[in-house]
Protein chains: 2
Amino acid sequence: MGSRLSMNGAHLGFARNIPLFRGLTDAEKDSLLKDGGIYAYPRRNTLFIQGDAISSLYVVCAGTVQLSRSTPDGREVTTDIRSAGDTVGEKEMFSSGSRHQVSAIAVDHVEAFKLPAERVRAVAGSNVVLSRNLLASIAQSATQREVEMEHRATMKSSQVISCYLQHLCVSRGFDPRGFTLPYKKSLIASRLGMELETFSRALPVLKENGIAVEGAHVAFRDFDAVDDHTCGLCSVNDFCRAHRKIREERKAEGDEHGPENHSCAVQRI
Amino acid sequence: MGSRLSMNGAHLGFARNIPLFRGLTDAEKDSLLKDGGIYAYPRRNTLFIQGDAISSLYVVCAGTVQLSRSTPDGREVTTDIRSAGDTVGEKEMFSSGSRHQVSAIAVDHVEAFKLPAERVRAVAGSNVVLSRNLLASIAQSATQREVEMEHRATMKSSQVISCYLQHLCVSRGFDPRGFTLPYKKSLIASRLGMELETFSRALPVLKENGIAVEGAHVAFRDFDAVDDHTCGLCSVNDFCRAHRKIREERKAEGDEHGPENHSCAVQRI
DNA sequence: CGGCGTATTGACGCACCTCAAGGTAAGTGG
DNA sequence: CCACTTACCTTGAGGTGCGTCAATACGCCG
């Protein structure tokens with residue numbers, strides 16, 4: 001369920017700036033947001049579970065949400081991980097079928113806007129910008145998913161992990177020279193469709209590819225080696241090249257301690 | 001490239017009735033279709049290849065199109081198979097990025113409407129029904145894709161095939177008591193992310209699950225056994241139950257030759 | 001300290017991939 | 001009509017990456 005919080009300026013300010021609302025006027029955004037409420041979901045609580053009626057679109061303001069599905073034979077598969085700025089339920093809202101096919105679980109303390117699905121559908125039906133944003137968002141994630149399917153079919157686990165870590169670094173704006181995993185390893189392994197043991201065993205292998213993982217700390221040591229395993233799609237290559245360039249420039253400037261500087265610059269691209 | 005054909009009534013009539021255009025007025029449909037042309041693509045020709053600029057939305061009128069991607073290490077992965085009534089390129093049209101990430105190849109002789117992407121985007125921007133249809137279509141296929149990822153992660157190949165055959169039977173409206181595979185086995189195997197040998201070896205195993213495959217002929221013998229391996233999502237269960245019910249009713253009516261009647265009732269759900 | 005959640009490491013089996021050798025069927029040319 | 005080719009599929013043998021089970025180690029907190 002989650003407990004309703006009083007909506008404050010921080011929440012509103014955050015939700016106004018999510019990608020899904022880009023291009024909408026503040027009035028349009030507020031007209032949507034004011035119909036919703038902000039809710040808190042303590043760790044391990046569910047926003048909704050598989051089989052629930054689809055009633056809301058969620059905008060995650062803080063915390064991490066795990067989307068998972070229980071298979072008929074009782075196993076749990078993590079389909080995605082959503083964090084602040086992401087939406088939950090946008091895909092299902094427009095699929096046929098009126099019930100959730102996944103469960104959404106708060107991995108840590110989560111705060112999220114809960115917007116009535118009917119209202120969102122109505123606004124999308126009349127507002128070109130929102131409907132275009134929804135289209136772009138869903139199409140983008142579907143495309144990303146196709147790439148992942150390709151990865152799992154053709155790559156070995158260490159390569160899949162390599163690609164995921166790069167994508168994580170890019171999308172979260174972490175410093176490739178050193179950052180901390182934002183989730184537990186077991187969650188990431190599940191997200192990648194592999195067992196924790198497989199994940200754990202694959203990490204040492206990554207060192208050969210220029211990715212050093214010690215505990216929850218990740219560092220990209222050698223961008224050239226990393227590139228070997230990336231797909232041409234996730235635009236991670238460009239990112240790595242850009243960062244390599246930065247590093248080379250820094251070296252040229254005699255800034256030798258650069259690579260050891262583990263400051264986690266949160267710089268969205 | 002494909003060679004341009006003169007548009008005839010059959011083409012128009014077909015394209016007017018695709019799911020993507022449901023709810024549009026005939027005038028709206030024709031306004032879109034008249035901006036496009038109908039093209040023929042001989043077997044093995046490409047509609048477009050990976051890296052091409054995204055210029056068009058394709059509506060397949062006849063034939064079969066394989067969507068595939070070549071991985072950096074030179075392998076080919078089939079991401080989807082589209083046939084008459086399906087669209088090609090609708091997802092990429094709304095993703096970020098202006099280039100195709102897959103190649104579209106005519107598996108047999110293909111005829112397709114080619115609609116200017118810019119025009120479709122424009123109409124989607126002003127027409128609520130079309131944009132809603134696009135949303136539904138993309139969201140639906142994305143959801144389906146998630147289920148497939150789950151399948152590949154948790155099921156063994158024979159179960160994946162079982163589920164695919166059922167889905168195929170449902171979506172194409174084949175008679176579950178007996179139908180012919182619409183594609184070559186190698187194509188299906190590739191679509192399912194497995195090797196042809198694995199596919200081939202898995203077919204005999206399916207007999208234990210009530211699915212008899214002889215050559216290109218498929219027959220669902222025992223719906224109860226089949227149900228064991230289905231996911232709760234693809235709504236195949238309902239379909240099978242419905243058909244089982246039909247069969248039982250026929251039996252009750254003394255219609256003994258029913259199961260041997262291989263008429264391929266094309267009944268879209 | 002002991003208990004708990006999390007991660008690592010080892011041993012083992014199996015499902016799938018890979019390479020390779022038929023085998024069937026349809027089309028081609030003599 | 002029969003050899004020959006080509007495309008497609010099947011079947012066999014062997015290797016391996018990953019799942020599984022199990023034991024151990026690590027960090028955290030009461």
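Throughout, a chain's letter reflects where its sequence line sits, starting with A, and its residues are numbered from 1.
B:Glu214 and B:Lys207 are joined by a salt bridge, as a carboxylate oxygen and a charged side-chain nitrogen come within less than 4.0 angstrom of each other.
Both B:Arg201 and B:Leu187 lie close to DNA chain D; mapped to their nearest nucleotides by heavy-atom distance, the more 5′-ward contact belongs to B:Leu187.
Both tests do not hold together for A:Lys114 against A:Tyr58: distance to the six-membered ring centre under 6.0 Å, angle to the ring axis within 45°.
Residue B:Gln140 holds its CD atom at 11.5 Å from NZ of A:Lys91, rounded to the nearest 0.5 Å.
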For A:Glu76 and A:Arg69, run salt bridge (charged side-chain N to carboxylate O under 4.0 Å, His left out): C-alpha distance rounded to whole Å, both residues' side-chain angles, the deciding distance at 0.1 Å, then the answer. CA-CA 6 Å; A:Glu76 287 275 327; A:Arg69 179 182 290 131; over 6 Å; no
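As a whole-Å value, the separation of A:Met194 CE from D:dG17 P is 14 Å. Atom CZ in B:Phe199 sits about 17 Å away from atom C1' in C:dC17, given to the nearest Å. Rounded to an integer number of Å, the gap from B:Ile188 CD1 to D:dC8 P is 13 Å. With rounding to whole Å, B:Asp108 atom CG is found 12 Å from D:dC8 atom P. Rounding to whole angstrom units, CG of residue A:Leu196 and C1' of C:dG5 are separated by 12 Å. Across the protein-nucleic acid pair, A:Ile161 atom CD1 and D:dC18 atom C1' stand 12 Å apart, rounded to whole Å. Put simply, CG on B:Leu203 is 10 Å from C1' on D:dC9, counting in whole angstrom units. Regarding B:Leu181, its CG atom lies at a distance of 15 Å from the P atom of D:dC8, rounded to whole Å.
Partners of A:Arg191 under the side-chain hydrogen bond (donor to acceptor under 3.5 Å, both in side chains) rule, at least two apart in sequence or in another chain, are A:Asp80, A:Glu148.
Checking the phosphate oxygens (OP1, OP2) of C:dA7, a side-chain nitrogen or oxygen of A:Ser186 falls inside 4.0 Å. For D:dG19, the OP1/OP2 oxygens have a side-chain nitrogen or oxygen of A:Thr198 closer than 4.0 Å. Within the 4.0 Å cut-off from OP1 or OP2 of D:dC9, not a single side-chain nitrogen or oxygen of B:Lys185 is found. Contact between the side-chain N/O atoms of B:Lys156 and the OP1/OP2 oxygens of C:dA15 is found at a separation under 4.0 Å.
For D:dC21, the base has no donor-acceptor partner in the side chain of A:Glu195 [N/O atoms by modelled type, under 3.5 angstrom].
Residue B:Glu197 has its side chain nearest to C:dT18 when only C:dA7, C:dT18, D:dG17 are considered. With C:dA7, D:dC8, D:dC9 as the candidates, the nucleotide lying closest to the side chain of A:Ser200 is C:dA7.
Within the nucleic acid shown, A:Arg75 comes within 4.0 Å of sugar-phosphate atoms alone, with no base atom in reach, counting heavy atoms only.
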